[in-house]
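In what follows, chains carry the letters A, B, and so on, assigned in the order in which the sequence lines appear, proteins first and then strands, with residues in each chain numbered from 1. Nothing here was measured: the structure is a model prediction, and the numbers come from that model.
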There are 2 protein chains.
Amino acid sequence: MESTFAIIAEPSRRAILSLLATSERSVGDLEEELNLSQPSVSKHLRVLREAGFVESRIDAQRRLYRIKPEPLMEIDAWLAPFRRYWSAHVDALERHLDQMNPAPRRKGRK
Amino acid sequence: MESTFAIIAEPSRRAILSLLATSERSVGDLEEELNLSQPSVSKHLRVLREAGFVESRIDAQRRLYRIKPEPLMEIDAWLAPFRRYWSAHVDALERHLDQMNPAPRRKGRK
DNA sequence: CTTGAATATACTCGTATGGTTATATAACTG
DNA sequence: CAGTTATATAACCATACGAGTATATTCAAG
């Protein structure tokens, strides 16, 4: 019953997706890169898998997860009607992000 | 404490934004176009306003709400790293959306 | 077949959030 | 000012969801 949008509302799930954007990873990889408990990672991956954001392949005892783009494409498509507001405000985003992101770039936090 | 993504996780809020994408509307307009209670609309608008998705101007007793693009631009920006998956799958989205959206197109109705 | 590593699942708990009803505030109308 | 329209806010409730702990499952190694 979770919508595509609800799925990426969760910060840990977005973090997982961002890591997978670069390359395939195992549960353990994600666990340590994100400082999350193993059950937590598995649970999020389950949600992501059932919603079609990721798929896994088996490598011995490990599962390697990778991105499946369709749901993200759906979100991209939803944004379409709003894009006409963009061009006028090309650099408004930078200002906005600056004020959201106090520190320029920090490793994974506490 | 609501993230940009959490805000648009709510279906009614997405509906409000989609309506506002076309044109400015009053609370009453939204209320009837979406079949929501007035307090519910006001509450969602408050969340959207505080997160910078919309702004309002006063017209007598009515408040006219309109889109502010910045947070949506932020989401658009977040999608950037995944766009490299798009091109390969140009029409995969259509298939995906078809299977999500059973009926092709229906008026807003209750 | 036993052990250990990697991952999945079950269960419980606390909290955040959306809906509703009722009430408050504000502005126009006469 | 009284009445009415438009919107906001408050209080309450039910539910959903993420975190954590414990346990189950699967596979490789010896």
Strictly below 4.0 Å: does [X] bring a side-chain N or O up to OP1 or OP2 of [N]?
| X | N | result |
| --- | --- | --- |
| A/H44 | D/dA19 | yes |
| B/Y65 | D/dA6 | no |
| A/S37 | D/dA19 | no |

Quick check: does any side chain N or O of A/R14 sit under 3.5 Å from a backbone N or O of A/I8, one acting as donor and the other as acceptor? yes
Please give, in whole Å, the distance from [N] [atom2] to [X] [atom1]?
| X | N | atom1 | atom2 | value |
| --- | --- | --- | --- | --- |
| A/D29 | C/dA5 | CG | C1' | 14 Å |
| B/E10 | C/dG19 | CD | C1' | 10 Å |
| A/L34 | C/dT7 | CG | P | 14 Å |
| A/L45 | C/dT9 | CG | P | 11 Å |
| B/R13 | C/dA16 | CZ | P | 15 Å |
| B/L36 | D/dT7 | CG | P | 14 Å |

List in chain and number order the residues that pass salt bridge (Lys or Arg N to Asp or Glu O under 4.0 Å) with B/R25, two or more places apart in sequence or in another chain; answer none if no residue qualifies.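 So B/R25 forms a salt bridge (Lys or Arg N to Asp or Glu O under 4.0 Å) with B/E33.
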Taking only residues two or more places apart in sequence or in another chain, which ones pass salt bridge (Lys or Arg N to Asp or Glu O under 4.0 Å) with A/R13? none
Could you tell me which residues satisfy side chain to side chain contact (heavy atoms under 4.5 Å, CB included) with B/E55, sequence neighbours excluded, listed by chain and number?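 Per chain and number, B/E55 pairs via side chain to side chain contact (heavy atoms under 4.5 Å, CB included) with B/R66, B/K68.
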Which residues satisfy the side chain to side chain contact (heavy atoms under 4.5 Å, CB included) test with A/A21, sequence neighbours excluded?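 So A/A21 forms a side chain to side chain contact (heavy atoms under 4.5 Å, CB included) with B/P81, B/F82.
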So which of residues 15-27 of chain A are in contact with DNA chain C, with a heavy-atom cut-off of under 4.0 Å? A/S26, A/V27
Summary of ring-ring contact (aromatic ring centres under 6.0 Å, His included) pairs that have at least one residue in residues 42-67 of chain A, sequence neighbours excluded: none
First of B/E31 and A/S12 reached from the 5' end of DNA chain D, by closest nucleotide: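 Result of the comparison: B/E31.
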I want to check something: taking the side chain as every heavy atom from C-beta on, are A/V27 and A/S42 in contact at a cut-off of under 4.5 Å?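 SC-SC contact between A/V27 and A/S42 confirmed.
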Can you find a pair of side-chain heavy atoms, one from B/L72 and one from A/W78, that are under 4.5 Å apart? yes
Identify, residue by residue, the members of residues 53-63 of chain A with a heavy atom below 4.0 Å from DNA chain D, and return them in order of residue number, or none.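 Heavy-atom cutoff 4.0 Å gives A/A60, A/Q61.
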With sequence neighbours excluded, give me every salt bridge (Lys or Arg N to Asp or Glu O under 4.0 Å) pair touching residues 37-52 of chain B. B/R46-B/E50
Are B/L64 and A/Y85 connected in a single hydrophobic cluster, I mean Ile/Leu/Val/Met/Phe/Trp/Tyr linked by side-chain heavy atoms less than 4.5 Å apart? no
Between the protein and nucleotides 9-15 of chain D, list every N/O to N/O distance that falls short of 3.5 Å.
none

Those residues at least two apart in sequence (or on a different chain) that pass side chain to side chain donor-acceptor pair (under 3.5 Å) with A/D76 are A/R83, B/R83, B/W86
